Amino acid sequence: MLVSQKWLQMYFKKALPETVDIARAFTFHAFEIEGIEKHGDDSVLDIKVLPDRNCYALSHRGIARELAAILSLEVSEGEIPAVKPVSTSRKLEISVQDTDLCKRYIGRVVEGVTVGESPAWLKEKLTVLGQRSINGIVDLTNFVMLDVGQPMHAFDADKVKGIIVVRKAKEGEKMTTLDGKELTLKDSMLVIADEEGVLALAGVKGGTKAQVTSETKNIILESANFKPTSVRRTSTVVGIRTDASKRYENGITPDLAEEAMNRLSSLIAEMNPSAKIADAVDVYQEPQKQTVIEVQSALINSMLGIDVSEKEIVSILSQLRIVVEKRADTLMLTIPKDRLDLIIAEDVAEEVGRIYGYEKVVSRIPKPLATKPVINKNFYYIQKFRKLLAEKHGFSEVYTPSIVERGIIEIQNPLASDKSAMRVDLSRGVTKALELNVYNAPLLGLDQVRVFEIGKVFNDKGEYTSFALGVKHVKKIKKKEAETIKEVLAALGAELGVKFDEKLVKETPAGAVFETQFDTLIADLPTSADYSDVKFESAGKQVLFKKFSSYPFIVRDIAVFVSGEGKENELRDIIVKESGALLVRIALFDVFSKKLDDGSIKTSYAFRMVYQSDERTLTAEEVDAIMTKIYEQVKSRGWEVR
Amino acid sequence: MEKADQNIQKGHLHPLSIVVNELTTIFSEMGFEVADGPEIEKEFYNFDALNIPADHPGRDMQDTFWLKPLAARNLLRTHTSPVQVRYMEAQQPPLRIIVPGKVFRNEATDATHEAQFYQIEGLMVDKDVSLADLKGTLETFLKKLFGKDVQTRFRPSYFPFTEPSVEVDASCFICSGKGCSTCKGTGWIEMGGAGMVHPNVLKAVKLDPKEWRGFAFGFGIDRIAMLKYGLSDVRASYSGDLRVVNQF
């Protein structure tokens, strides 16, 4: 919520601290500050009010009171000049048909207003917060809401026919919102209506039927309180969220409706001195009960782990407008009506803790429990498998998506049509990983791609942990991948004391894949005493991740005959120098020496180079040009390119 | 046999696995048990038992993947907290558990957001547990993770399942709090949320809040990996790409 510092200042006689200090006070005692912007001589703070404090803090007065509590300042709320009600020609009648969904409804007739441009002070107040100025009446309703937190509304009285009825909509009943949106309502939604139709969607949005325009002469003011869950559900179904609905859905004290109506009336009277303001009509069936919380200082201290005197606790609570009465060792706390979030002792403990300051909580190390923690067998063996596969068998671990294109378990509200079901196995993901990494094998410098995954799958057997391996030979060898996997499974099985079912090894064009259910596999294995033997070698090691290019790479090989031996580094240096920054990998992949007839030795070195740019796709021509430069250097030394 | 054919290099574990391994080592040495639970959860365990009833604005704080049919009220768990509830239903306090696990959020994906990610949750329930115990436990953990000079601080926050609730910050281990790009110049890094277990959560598992108290905390593991290793895009972790994994 955006808050103007100048507006906050109106609540204090003394000058407020610097904006940065105000922000700091909030950050450590109440709210996160998401941003601060300067607007001329004003500063606007973007305050992150979380759902629990929406009931009282979505207003400048609420925020001002918070600041006062944190900094021990005194709030000075100005006197609102009372309005003397007079008789009006329109006599307002209100019928609230559902007092569960509408806890309070106050309506008030004002006759003889002029609806024009708002005065400068009002426009400034709204625009600094990014709100639009509409007209003098609508702007005042917004002002009161932003000031004290009560959503207000105004209807053109001459467009309201008969009694105002607060009722559930008829199924299929229609209304057009002030934004011009056509709505078809459900019979669970609460509306404000007259004898002809819907005037407003209660707590959410006004309609065009009785819209206040520049021609309006007579108005009906609304200050009401609606059931939070009802406003929230309605708002969600119609897809409209407003400043009003946000406040209602978190709950507001019905007490506020009366005060806000008085404020609005007074402001309208100021702007329209000749207007006639009637008595308010107030339908308030069940006045809000006073919340009293009983709590002991000892309990508060015990929950927070602090040792604060009762005197200081009482002082903090009083700063929060809580009236404290001592009865023996118990404090009876009368909670301000707007603090709907304070219900139990723990809520009070949080108030004391945050105002006192969490930085003052002194750390305590909990004493160890008498019994050693039980080892989680499933977790232990997942760690053990991981450790063995990577450290002993050269497998790298992949995490593939759980949400995929097809599966038995489908998502109701997916992010995309190809991400709309839960994976039935790991094999599909592991196969894709084989393909991706085989393609990148030159960059990775791999002769074989060996990957594995351990994770949950979701199929007709239910949800369970699965284990899958995949192997692809990049450098061609006589052995087939299935044989490689079977060798690994035999070795792994011997190390763990399990028997892997070789029949589950499948050959595919991408490589050989094996998958089996993990929990049944480890069922007969012993439980360990602790996790010490499954600590990873790589845990705790410092690694700085290097970003890699997403552009295609080009592979080139070069084989060179040199006279004599020991020329590997010299040849490598030539290649590196002529290649420049585009060379991302160079590896010697073959060396052999030949004795010639004359007794001299010549050696062949074969290098594989991978070229890639960070910024674009390389062309074959560019790489050819590099190769040409390398060949020239090689030839100039009397060496032979094979 | 295999070594004779080819040059088989050492394999690499996924950075998230490495972080989980390190975290669970630290916490099990502090006396915490590892617990786990299902990724497909019932609404009751993911929300209601954690003091987040239907139509509560708290549900907005976690965008949910619901599963078909909607009437069954099954979903992909949005946090690892449901495992705490399941554990407390099965075990009597005193208890100390950590729960590393995969969670799912129905959010638009970008460099710092993916639909699936990993969290680690912690829970301690005993008599007289306080915020001081929470602070001490987290301080010890963060020092072991990032270095012994690391400081911890709390800021007020809100979660439906804790009261009081706090955000936990660690002093930046890269610049020692002076300000750098990792900590966005503030000297502090946001680690995650924590607080005292809400009495409604204890009541949901038939524990008497007058007798038992607890603290809970939750951190993002992908986030820790990004901080520790300088990973820049969370989505890269789930692509099966060894250009990522083989750096570790």
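The model shown is predicted, which means the values in this text are computed figures rather than measured ones. To find a chain, count down the sequence lines: A is the first, B the second, and so on, and within it residues start at 1.
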Side chain to side chain contact (heavy atoms under 4.5 Å, CB included) between B:Lys135 and A:Tyr358, worked out: CA-CA 10 Å; B:Lys135 209 182 208 191; A:Tyr358 291 131; 5.6 Å; no

Between A:Ile306, A:Leu415, A:Thr400, the one whose heavy-atom pairs under 4.5 Å with chain B are most numerous: A:Leu415

Among the listed options A:Lys478, A:Glu453, A:Met422, the residue most often paired with chain B at heavy-atom distances under 4.5 Å: A:Met422

Any donor-acceptor pair under 3.5 Å from B:Gln247 side chain to A:Lys546 backbone: yes

Interchain contact, A:Pro368 with chain B, by part (heavy-atom threshold 4.5 Å): backbone

B:Leu13 and A:Phe452, any side-chain heavy atoms less than 4.5 Å apart: yes

Residue pair A:Asn440, B:Asp241: steps toward the side chain to side chain contact (heavy atoms under 4.5 Å, CB included) verdict: CA-CA 9 Å; A:Asn440 285 324; B:Asp241 196 331; 4.2 Å; yes

Flag, side chain of A:Ser396 to backbone of B:His12, donor-acceptor distance under 3.5 Å: yes

Contact class of A:Phe395 relative to chain B, heavy atoms under 4.5 angstrom: backbone

Residue, of A:Asn413, A:Ile365, A:Leu50, A:Thr229, that accumulates the most heavy atom pairs under 4.5 Å with chain B: A:Asn413

For chain B, the option from A:Asp52, A:Leu436, A:Thr465 that forms the most heavy-atom pairs under 4.5 Å: A:Asp52

Check: B:Lys228 main-chain N/O paired with A:Gln542 side-chain donor or acceptor under 3.5 Å: yes

Proximal component of A:Leu434, with respect to chain B [non-hydrogen, under 4.5 Å]: neither

Engaged part of A:Glu351 at the chain B interface, taking heavy atoms whose separation is under 4.5 Å: neither

Atom of A:Asp347, atom of B:Glu163 and distance for their closest heavy-atom approach: OD1-OE2, 2.8 Å

Under 4.5 Å from any heavy atom of chain B - which part of A:Leu304: both

Heavy-atom pairs under 4.5 Å with chain B, option from A:Ser538, A:Ala433, A:Gly455, A:Ala390 with the top count: A:Ala390

Mutual orientation of the aromatic rings belonging to A:Tyr399 and B:His14 [parallel < 30°, tilted 30-60°, perpendicular > 60°]: parallel

Main-chain N/O of B:Asn21 paired with A:Arg386 side-chain donor or acceptor, under 3.5 Å: no

Residue A:Lys377 versus chain B: region with a heavy atom under 4.5 Å: neither

Heavy-atom side-chain contact between A:Leu444 and B:Arg243 under 4.5 Å: yes

Test item: A:Asn376 side-chain N/O and B:Val34 main-chain N/O as donor-acceptor pair under 3.5 Å: yes

Donor-acceptor under 3.5 Å (B:Glu22 side chain, A:Ala539 main chain): no

Evaluation steps, side chain to side chain contact (heavy atoms under 4.5 Å, CB included), between A:Ile411 and B:Leu76: CA-CA 9 Å; A:Ile411 295 175; B:Leu76 296 179; 4.2 Å; yes

Under 4.5 Å from a heavy atom of chain B, the part of A:Val451 involved: side chain

N/O donor-acceptor pair under 3.5 Å between A:Asn437 side chain and B:Gly240 backbone: yes

Backbone of B:Pro38 reached by a side-chain donor or acceptor of A:Glu463 within 3.5 Å: no

Side-chain touch B:Ser130/A:Val361, heavy atoms, less than 4.5 angstrom: no

Winner by heavy-atom pair count (cut-off under 4.5 Å) against chain B, out of A:Ala491, A:Pro228, A:Ser302, A:Ala345: A:Ser302

A:Ile403 side chain reached by B:Phe104 side chain, heavy atoms, under 4.5 Å: yes

Check: B:Gln9 side chain, A:Leu446 main-chain N or O, donor-acceptor pair, under 3.5 Å: no

Derivation of the side chain to side chain contact (heavy atoms under 4.5 Å, CB included) call for A:Phe458 and B:Ile40: CA-CA 9 Å; A:Phe458 311 85; B:Ile40 291 182; 3.5 Å; yes

B:Leu75 side, atom CG; A:Gln412 side, atom CD - distance, nearest 0.5 Å: 12.0 Å

Beyond-backbone contact of B:Thr137 with A:Pro366, side-chain heavy atoms, under 4.5 angstrom: yes

Proximity breakdown for A:Val534 and chain B, heavy-atom pairs closer than 4.5 Å: backbone

